[in-house]
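Report on the following structure.
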Amino acid sequence: MKKSLKNIIPRAANSLINVIPPLRRIRNAMNRAETNYIIKRAEMYAAAKTTRLTGAWNPTNANINDIIGASSPYLRARVRQLIRDFPYLARAVRIMVDYSIGTGIQFQSIVDDENGKRDKKRITAIEDAIKWWMDEADAAGKLHYYEIMRLAKRQDLEGGEFLIVKTFPKIPNQYIPYKLQVYDIDWLSGSHDNYSSGGIKIDAAGSATETRQGIEYYTQTGRVKGYWFCDPNYGGNEVYVAAENVVHGFEMLRPQQLRGVSPFAPGILIANDLNAYLDAEIDAAKMAAKWLAIVKKTDPGMAQSSFPMQTAANGTDVQKIEELENAIIEYLRPGEDISFSSANRPGATFQPFVRLILTMLSITTGAPYELISGDYQGLNFSTARIVRNDFSQQLRPISTRHVRQFAVPTVQTAMDISVLSGKLTLPGYWRNPRRWQKCEWQPPGMDAVDPLREAKSQIESISYGLKSPQEVARERGRDLEDVYKEIKAAQDLAKEMGLVFESANTSDKSNPAAIVKEDM
C-alpha cells in the first residue's frame with residue numbers, strides 16, 4: 001500500500017502540472033535553465049572556471065576608460081619614480097627612444113612632377129622650408145623639432161601618451177607663425193567630466209558630446225572634439241583647446257579608448273621588487289664584510305667582558321693587543337676561541353636570479369636583455385643577428401605609429417602655413433594637398449653585426465634582384481640619394497687634391513673575407 005502511494009503521488013503531481021499551463025511552463029523553464037547551466041559549465045574555457053587553483057581570482061572587466069582613469073595617476077607616478085631611481089628601467093627608456101627615434105626620424109619629400117618623375121626643384125624647396133621651420137618649431141625656443149620628437153616618445157613610454165599643442169604666435173623674424181608646445185599629460189583636467197552623471201551635451205551641429213578625463217568626444221563615433229587643460233603646478237584658469245590643434249598620441253589597446261597606458265605597466269611590480277632585492281643584497285654584503293671575526297667563550301663568568309684586560313702600572317685596565325704592520329694580534333683569555341667569518345654574499349644563485357628578472361623586464365619594456373644589462377657574455381654572430389633582427393622587427397610598428405601620430409600631423413600643418421604665408425609656392429596645393437605632402441620618414445637604422453658578412457649578403461641580394469640599393473640604405477637609416485651625393489663629393493674632393501685610392505680586385509669584391517685573410 002505504501003509503495004503504491006509513493007508511485008501514485010508523483011504521477012498525480014506530474015499530471016496536475018501537465019494539465020495546468022502555468023505550472024507546465026514553470027517546469028519547462030526550470031529544466032531548460034538547469035540544462036543550459038550544465039552545458040555552459042561544460043563548454044567554458046578551463047581558464048574561466050573557478051577551481052581550487054584559481055581560488056578567489058575573479059578580476060573585473062570594466063570599461064577600458066574607467067580602468068585607465070583609476071590607474072593612470074598611480075602608474076605614471078610609479079613609472080617615473082623607477083625611471084629616476086632604478087638604473088635598468090632608466091636604461092630601457094633610453095634604449096627605446098634611441099633605437100625608435102634616434103636623432104630624429106628624418107623627413108624626406110618625394111613629390112613627383114606631371115611626368116611621374118621626382119620633381120627635384122620642388123622637393124628641395126619643400127625640404128628647405130620644413131627644415132627651416134624645424135629649427136624654430138619649439139614654442140619655448142629651446143628644442144629642435146627632432147628633440148621634441150624624442151621628448152614626445154619619452155612621454156609616450158613614461159605615461160603612455162603624449163600631448164602637443166599647436167600654437168600660432170606672432171613673433172618677429174620667425175619663418176612662419178606656427179609653433180609646437182609640449183604639454184605634460186598631467187595637465188588634462190577632469191573638472192568638466194560629465195560621463196558619470198549622464199550629462200550629455202548637444203553642440204551647435206546637433207551632435208551629442210561627453211567629457212571624460214578632460215577629453216570631450218562625440219558619443220556616437222568617439223571622435224575627439226576638444227581637450228580641457230589646467231596647469232596643476234601654477235594654477236590659473238582652465239583652457240579648452242579644439243582637437244584640430246592638439247596632437248595626442250598613444251597606443252590603442254581597446255576600442256573607444258581615450259587615454260594611453262605606459263607599456264612598462266606590466267613590469268612595474270617586478271622592477272620595484274628587483275630594485276628592493278638589489279638594495280637588500282648589497283646591504284647584506286656590506287654588513288657581512290664588516291664582521292671579520294667572532295670570539296667564542298666557554299666561561300659564563302666572562303659574559304660581561306668580550307676582550308681580555310691587563311692592569312697597567314698606574315692601576316688602570318688596558319686591552320692587551322699587538323700590532324704587526326697591517327695585522328693585529330689579540331691575546332684571548334683561557335677558554336676563548338676566535339673564528340673568522342666568511343662573507344659569502346652575494347651567493348651563487350644571485351646572478352642567475354637577477355638575469356631571470358631582467359629577462360622578464362626586457363620582455364615587458366621591449367628592449368633586449370643584452371642592451372638593458374650590458375651583459376654580452378655568450379653572444380656570437382648568430383645569436384647577435386637573431387637579437388638584432390627581432391628587435392628591428394619590434395621597432396617598425398613603434399616608429400611607424402610615432403610617424404603617424406606625431407610627425408605627419410605636425411609637418412602637414414607646417415606646409416599649410418608655409419603656403420598660406422607665401423614661403424612655399426606649390427601650384428594647386430589647396431585642390432590636391434596630398435600630392436605636395438607626399439613624403440617618407442626614415443627611422444634610425446642599425447649597424448651591421450659583422451660588416452664583411454652582411455656586405456657580401458647585401459651585394460648578392462642586389463645582384464640577384466632580391467633587394468634594392470634604397471632598401472639597403474634604409475636598413476642603415478640613410479637616404480640613398482644622400483649616400484650617393486657624399487660619394488660624389490668625396491670623389492670630386494680626392495680628384496681636386498690629386499689623391500688616388502686603390503680599389504679591391506674582382507676576387508675581393510666577390511669575397512670580402514679575402515681582404516681580411518690577406519691582412520692576417
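Positions are given from 1, in the same order as the sequence printed here. Only heavy atoms go into these numbers, but all of them, side chains included; no hydrogens, no water, no symmetry mates. Since the model is a prediction, treat every value here as computed from it, not as a measurement.
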Could you check whether [Y] and [X], counting side-chain N and O atoms only, form a donor-acceptor pair closer than 3.5 Å?
X	Y	answer
Q437	Y429	yes
T383	N380	yes
T167	Q181	no

Just so I know, are the side chains of [X] and [Y] near enough to count as touching, which here means a heavy-atom distance under 4.5 Å?
X	Y	answer
I417	P177	yes
Q256	I64	no
Y175	S418	yes
N65	Y195	no
P263	L157	yes
I148	I164	yes
F107	I126	yes
K495	Q491	no

**Asked** Can you list the steps and then say if I357 with M360 is a side-chain contact (heavy atoms from CB on, under 4.5 Å)?
**Response** CA-CA 5 Å; I357 301 302; M360 297 172 62; 4.1 Å; yes

[atom1] of [X] to [atom2] of [Y]: how many Å apart, nearest 0.5 Å?
X	Y	atom1	atom2	result
E161	R259	CD	CZ	4.0 Å
D479	Q108	CG	CD	4.0 Å
D416	W430	CG	CH2	4.5 Å
S262	Q155	OG	CD	11.0 Å
L466	E460	CG	CD	10.0 Å
Q412	C439	CD	SG	7.5 Å

For [X], does the [atom1] atom sit with more than 12 other heavy atoms under 6.0 Å from it, leaving out its own atoms?
X	atom1	answer
R118	CZ	yes
F168	CZ	yes
Q351	CD	no
R401	CZ	yes
Y74	OH	no
R254	CZ	yes
W441	CH2	yes

With sequence neighbours left out, which residue pairs that include part of [range] fulfil the salt bridge (charged side-chain N to carboxylate O under 4.0 Å, His left out) condition?
range	result
residues 119-140	none
residues 386-398	R388-E454
residues 366-379	R355-D375

**Item:** Chi angles and distances behind the salt bridge (charged side-chain N to carboxylate O under 4.0 Å, His left out) call for R80, D186
**Value:** CA-CA 13 Å; R80 289 166 177 167; D186 293 337; 2.8 Å; yes

**Request:** Take L371 and Y99 through the side-chain contact (heavy atoms from CB on, under 4.5 Å) test and state the conclusion after the steps.
**Result:** CA-CA 11 Å; L371 294 180; Y99 279 85; 4.0 Å; yes

Check: [X] side chain, [Y] main-chain N or O, donor-acceptor pair, under 3.5 Å:
X	Y	value
S457	R453	no
S362	A367	yes
D193	Q213	yes
Q257	L253	yes
R212	N194	no

Can you name the closest pair of heavy atoms from [X] and [Y] and give their distance?
X	Y	value
I176	S421	CG2-OG, 3.6 Å
I123	S109	CG2-O, 3.6 Å
S399	S100	OG-O, 3.0 Å
T410	Y178	O-OH, 2.9 Å
I185	G159	CD1-CA, 3.6 Å
V387	P368	CG1-CB, 3.8 Å

Atom pairs and distances, donor-acceptor, side-chain atoms in residues 269-281, under 3.5 Å, two or more places apart:
residue : atom : partner : partner atom : Å
E281    : OE1  : R345    : NH2          : 3.2
E281    : OE2  : R345    : NE           : 3.0
E281    : OE2  : R345    : NH2          : 3.4

**Prompt:** What do you reckon, are the aromatic ring centroids of Y145 and F406 less than 6.0 Å apart?
**Reply:** yes

**Item:** Y240/E216 under side-chain contact (heavy atoms from CB on, under 4.5 Å): CA gap, chis, key distance, verdict
**Value:** CA-CA 10 Å; Y240 182 83; E216 185 180 9; 2.7 Å; yes

**Request:** Could you give me the CA-CA distance, side-chain angles and deciding distance for T413 and W133, then say whether side-chain contact (heavy atoms from CB on, under 4.5 Å) is met?
**Result:** CA-CA 11 Å; T413 303; W133 168 74; over 6 Å; no

**Prompt:** Is any NZ, NE, NH1 or NH2 atom of the basic residue among D112 and K117 found under 4.0 Å from an Asp or Glu carboxylate oxygen of the other?
**Reply:** no

**Message:** Under a 4.0 Å threshold between the charged nitrogen and the carboxylate oxygen, would D98 count as salt-bridged to R91?
**Reply:** no

Using residues 218-227 as the side-chain source, report each donor-acceptor pair under 3.5 Å to any protein atom, sequence neighbours left out, with the distance given to one decimal.
residue : atom : partner : partner atom : Å
T219    : OG1  : A208    : O            : 3.4
T221    : OG1  : R223    : N            : 3.3
Y227    : OH   : H248    : ND1          : 3.3

**Item:** Residues forming a ring pair (Phe, Tyr, Trp, His ring centres under 6.0 Å) with Y183, sequence neighbours excluded
**Value:** W187, F229

**Fill in**
From the list M134, R154, H402, side-chain contact (heavy atoms from CB on, under 4.5 Å) partner of M149 resolves to H402

